[in-house]
Protein chains: 2
Amino acid sequence: MTSRPFHHGNLRAVLLEQAEVMLREGGVDALSLRELARQAGVSHGAPRSHFIDRQALLDALAVQGFDRFADRIRAALASPGDLAERCRLVGRAYVDFAVDDAALMELMFAAKTTDPAGPVQAAAARLFQLFDDAVAAATDDPADDGARIRFQLLFAATMQGTATLIAARRITRAQGEVVVDDATDALLSSELGVRLLPRR
Amino acid sequence: MTSRPFHHGNLRAVLLEQAEVMLREGGVDALSLRELARQAGVSHGAPRSHFIDRQALLDALAVQGFDRFADRIRAALASPGDLAERCRLVGRAYVDFAVDDAALMELMFAAKTTDPAGPVQAAAARLFQLFDDAVAAATDDPADDGARIRFQLLFAATMQGTATLIAARRITRAQGEVVVDDATDALLSSELGVRLLPRR
DNA sequence: ACCTGAACACCGTTCAAGT
DNA sequence: ACCTGAACACCGTTCAAGT
């Protein structure tokens, strides 16, 4: 209702905000620069001043997405409870985000942005660093880098895959929660899990 | 070099074949009906006789993809070796397919086709039925449907996620193989795995 | 520095018409 | 049944010009 606060300084922010809405409503395909410009009340050439092309806007959305994702994971990691319980919570936060923002998630993990030095890959690295730190803090053997990486990759892969199966409607959300719990149990009781985190 | 064998009966097949090439080379975005028609030497309206719209062609590609995927999994399941070894092979076949045909895989698991009675979901069901049959054949407790489903979902999720992480260039292919092996070990030695497959 | 507006080349989709 | 070709509405991108 409130008319957009003018389009002087903040067109970039307005475009990003509206883009996220369009993304959630119609997926990547529904995201059009011209439509975005129309909604913002500017000419179709205006976005060019802030995003060199469509991919640049998608990249910016991906960076935002990774940062927001990281916030959720951080919150789950900081929750009370023992290690297994916190693992489950992180897993659910992972899957919840990936399912609720499925189109954004697709964007984040689409390999369009292959540049390893780019801001998207950097934002992704910040997210995955959280897992690394969390496992490092919980382990009895902080020096065992190899096992730590293997453990967290296995964890991330399982959650990522669970989210994909839900998004593809191969399984329901409820089934997804069971998978998360089963995965947590299997991981913590595996050779790798016991080596890193003997507590329990 | 060989001029297309005319476009009488087989335009549909020609379009699909060429579409798969374009898909592999440039991703979904690079797939244009008009370009496809141009390559086939027909007018831009011709594809309409075989695919009602672009999505219909994408769906047909997805169905083909699931069937080809199923062939690979079947081959891995039929290979010699003990259960753990066959699990690893299936996992690698899963990840290999998903990485080599990343764009096709994206198409297959994109939720565009939400219709549960559609041919895409049916083709997907045929694939996942293979996992179900394989676990059922290997288990000592064929009646435990719940555990079987949970086990195979956990397996599929892990492989799917591993493939996504590789495609997103978060991990290398070599790291992916380690994840597959670790996942196999963790799954088979988990409570769920031991319940179903006590051998070993 | 930011935005406008015309221009260009490319789409998907529809549909009457041909064979 | 299958294909043509014009028509329509929509894109992304470029770029000179304005402020």
Side-chain angles (χ1 to χ4, degrees), chain A residues 3-62 103 106-107 110 112-115 120, chain B residues 3-62 103 106-107 110-115 118 120:
Chain A
S3 77
R4 282 269 148 260
F6 265 123
H7 53 273
H8 27 275
N10 58 346
L11 177 58
R12 192 192 137 96
V14 170
L15 290 173
L16 278 176
E17 194 185 336
Q18 203 38 241
E20 232 175 333
V21 175
M22 286 178 60
L23 190 63
R24 183 171 286 108
E25 284 178 355
V28 206
D29 294 342
L31 221 166
S32 145
L33 284 181
R34 288 179 104 110
E35 175 62 27
L36 233 37
R38 242 174 267 128
Q39 290 182 6
V42 295
S43 78
H44 69 260
R48 193 50 192 322
S49 302
H50 303 278
F51 304 101
I52 185 66
D53 58 17
R54 202 180 100 112
Q55 190 56 50
L57 181 132
L58 298 185
D59 285 354
L61 286 173
E106 214 174 314
L107 224 65
K112 312 278 184 183
T113 164
T114 184
D115 179 13
V120 178
Chain B
S3 76
R4 279 271 149 259
F6 265 124
H7 52 273
H8 27 273
N10 58 347
L11 177 58
R12 191 191 138 96
V14 170
L15 290 173
L16 278 176
E17 194 185 337
Q18 203 39 241
E20 231 173 335
V21 175
M22 286 178 60
L23 189 63
R24 182 171 286 108
E25 285 178 354
V28 206
D29 294 342
L31 221 165
S32 145
L33 284 181
R34 286 178 105 110
E35 176 62 26
L36 233 36
R38 242 174 266 129
Q39 291 183 6
V42 294
S43 78
H44 68 260
R48 192 55 190 321
S49 302
H50 302 278
F51 305 101
I52 185 67
D53 58 17
R54 202 180 101 111
Q55 189 56 50
L57 182 132
L58 298 186
D59 286 354
L61 285 173
E106 215 175 314
L107 224 65
K112 312 278 183 183
T113 164
T114 184
D115 179 14
V120 179

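Proteins get letters first, then strands, A, B, ... in listed order; numbering begins at 1 in each.
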Partner nucleotide of D/dC8 by Watson-Crick or wobble geometry (both distances under 3.5 Å) | C/dG12
Could you state the CG-P distance from A/Leu15 to C/dC3, rounded to the nearest angstrom?
-> 9 Å
Side-chain N or O of B/Arg48 less than 4.0 angstrom from OP1 or OP2 on D/dG5?
-> no
Got a donor-acceptor pair under 3.5 Å from the side chain of B/His50 to the base of D/dA1?
-> no
May I have the distance from A/Phe51 (atom CZ) to D/dT13 (atom P), rounded to whole angstrom?
-> 13 Å
Out of C/dT14, D/dC3, C/dC3, whichever nucleotide has its closest atom nearest the side chain of A/Ser49 | C/dC3
Atom pair distance, as rounded to whole Å: CG in A/Asn10 and P in C/dA1 | 19 Å
Minimum heavy-atom distance between B/Leu36 and B/Met22, given as atom pair plus value | CD1-SD, 3.1 Å
Which atom names give the shortest non-hydrogen contact between A/Pro47 and A/Ser43, and what distance separates them?
-> CD-O, 3.6 Å
Qualifying residue, where the test is side chain to side chain contact (heavy atoms under 4.5 Å, CB included) with A/Val21 and the options are A/Arg24, A/Glu17, A/Glu25 | A/Glu25
Under 4.0 Å between a side-chain N or O of B/Arg54 and OP1 or OP2 of C/dT13?
-> no
Please report the shortest heavy-atom distance between A/Ala46 and A/Leu11, naming the atom on each side.
-> CB-CD2, 4.0 Å
With heavy atoms under 4.0 Å as the rule, sort B/Arg12 into base, sugar-phosphate or nothing.
-> nothing
Rounded to the Å, how far apart are B/Leu11 CG and D/dC2 P?
-> 10 Å
How close or far is atom C1' of C/dC11 from atom CG of B/Asp29, stated in whole angstroms?
-> 12 Å
Using a cut-off of less than 4.0 Å, is there contact between a side-chain N or O of B/Ser32 and OP1 or OP2 of C/dC10?
-> no
Taking C/dT13, D/dC3, C/dA7 as options, the one with an atom nearest any side-chain atom of B/Ala46 is D/dC3
What integer distance in Å separates B/Glu35:CD from C/dA9:P?
-> 16 Å
Write down the distance between CG (A/Leu57) and P (D/dT13), rounded to a whole number of angstrom.
-> 10 Å
Which nucleotide in C/dT13, D/dG5, C/dT4 has an atom nearest any side-chain atom of B/Ser43 = D/dG5
Specify the separation, in whole Å, of atom CG of B/Leu33 and atom C1' of C/dT14.
-> 13 Å
What's the shortest heavy-atom distance between B/Leu58 and B/Leu31, and which atoms?
-> CD2-CD1, 4.0 Å
Please tell me which of the listed nucleotides, C/dC11, D/dC11, D/dA6, lies nearest to the side chain of B/Arg34?
-> C/dC11
In the strands shown, is C/dA1 matched to any nucleotide by a Watson-Crick or G-U wobble pair with both distances under 3.5 Å, and which?
-> D/dT19
